[in-house]
Amino acid sequence: MIGKKMEEALNSQINEELFSAYLYLSMAAYFHAEGLDGMASWMRLQAKEEVEHALKIFDHLVERGGKVTLKAIAEPQREWDSPLAAFQAAYEHERYITGKIHELVDLAQAERDHAAFQMLQWFVAEQVEEEDQTKKAVELL
Ligand code: OFO
């Protein structure tokens, strides 16, 4: 059975992951509108991955007898000054998410929640990859 603090924190992270999906879908729409279908496809894939991230945490809560509480998803930005500005925003967003994942790891340690700690290690590694990918995209533009 998962503790209340971890349950709440993981529910908030589900929201962060679903907002990430919404943000990247919004960037995909922006790229389509600019005629940049390749970039749009890349962002659509990222959006799908973010939904998968949300589901990983969702499943962890379910498996541990926690309660999943879905909250409202904020409206994402719709326009950027340039493709570069959009990718820079994606990179900044990934850095923000890395900070959130690290806070969760700290909480798992403080709560001695070894199961959440182990599940979160996947996200720690994933964030290294996602920061790297978005940073490289920024450098290419
Ligand atoms: Fe793009 O990151 Fe989720 O976790």
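Atoms within a ligand are numbered from 1 in the order they appear, just like the ligands themselves. In this chain, residues are counted from 1 in sequence order.
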Colleague: Compute the shortest N/O to N/O distance between Glu130 and ligand 1 and return yes if it is under 3.5 Å, no if not.
Modeller: yes
Colleague: Would you mind listing which atoms of ligand 1 come within a distance below 4.0 Å of any non-hydrogen atom of Phe123?
Modeller: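 It comes down to these atoms of ligand 1: 4 (O).
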Colleague: Between Glu34 and Leu36 (side chain of the first, backbone of the second, donor and acceptor by atom type, cut-off under 3.5 Å), is there such a pair?
Modeller: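 No.
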Colleague: Which atom pair, heavy atoms only, marks the closest approach of Pro76 to Tyr22?
Modeller: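 In terms of heavy atoms, the two residues are closest at CD-CD2, 3.5 Å.
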Colleague: Any idea which N/O/S atom from Glu94 gets closest to atom 1 (Fe) of ligand 1?
Modeller: OE2
Colleague: Heavy atom of Gln127 under 4.0 Å from ligand 1?
Modeller: yes
Colleague: Would Tyr96 and Glu16 count as having a side-chain donor-acceptor pair, cut-off 3.5 Å?
Modeller: yes
Colleague: I'd like to know if the side chain of Glu7 and the backbone of Lys67 have a donor-acceptor N/O pair within less than 3.5 Å.
Modeller: yes
Colleague: Does Glu49 approach ligand 1 within less than 4.0 angstrom via side chain, backbone, both or neither, non-hydrogen atoms only?
Modeller: neither
Colleague: Have a look at Glu50 and say which of its N, O or S atoms is nearest atom 3 (Fe) of ligand 1.
Modeller: OE1
Colleague: Output the atom name for the N/O/S atom of Glu17 with the smallest distance to atom 3 (Fe) of ligand 1.
Modeller: OE1
Colleague: Can you tell me if Glu126 has a non-hydrogen atom under 4.0 Å from ligand 1?
Modeller: no
Colleague: For atom 3 (Fe) of ligand 1, what is the closest N, O or S atom on His53?
Modeller: ND1
Colleague: Quick one: do Arg64 and Asp113 make a salt bridge, cutoff under 4.0 Å?
Modeller: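 Looking at Asp113 together with Arg64, the answer is yes, because their closest N to O distance falls below 4.0 Å.
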Colleague: Within the side chain of Asn11, is there an N or O that forms a donor-acceptor pair under 3.5 Å with the backbone of Val68?
Modeller: no
Colleague: At a threshold of 2.8 Å, where the distance has to be below it, does atom 3 (Fe) of ligand 1 have an N, O or S atom of Glu16 nearby?
Modeller: no
Colleague: For the side chain of Glu49 and the backbone of Leu45, is there at least one donor-acceptor N/O pair under 3.5 Å apart?
Modeller: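 Answer holds: no.
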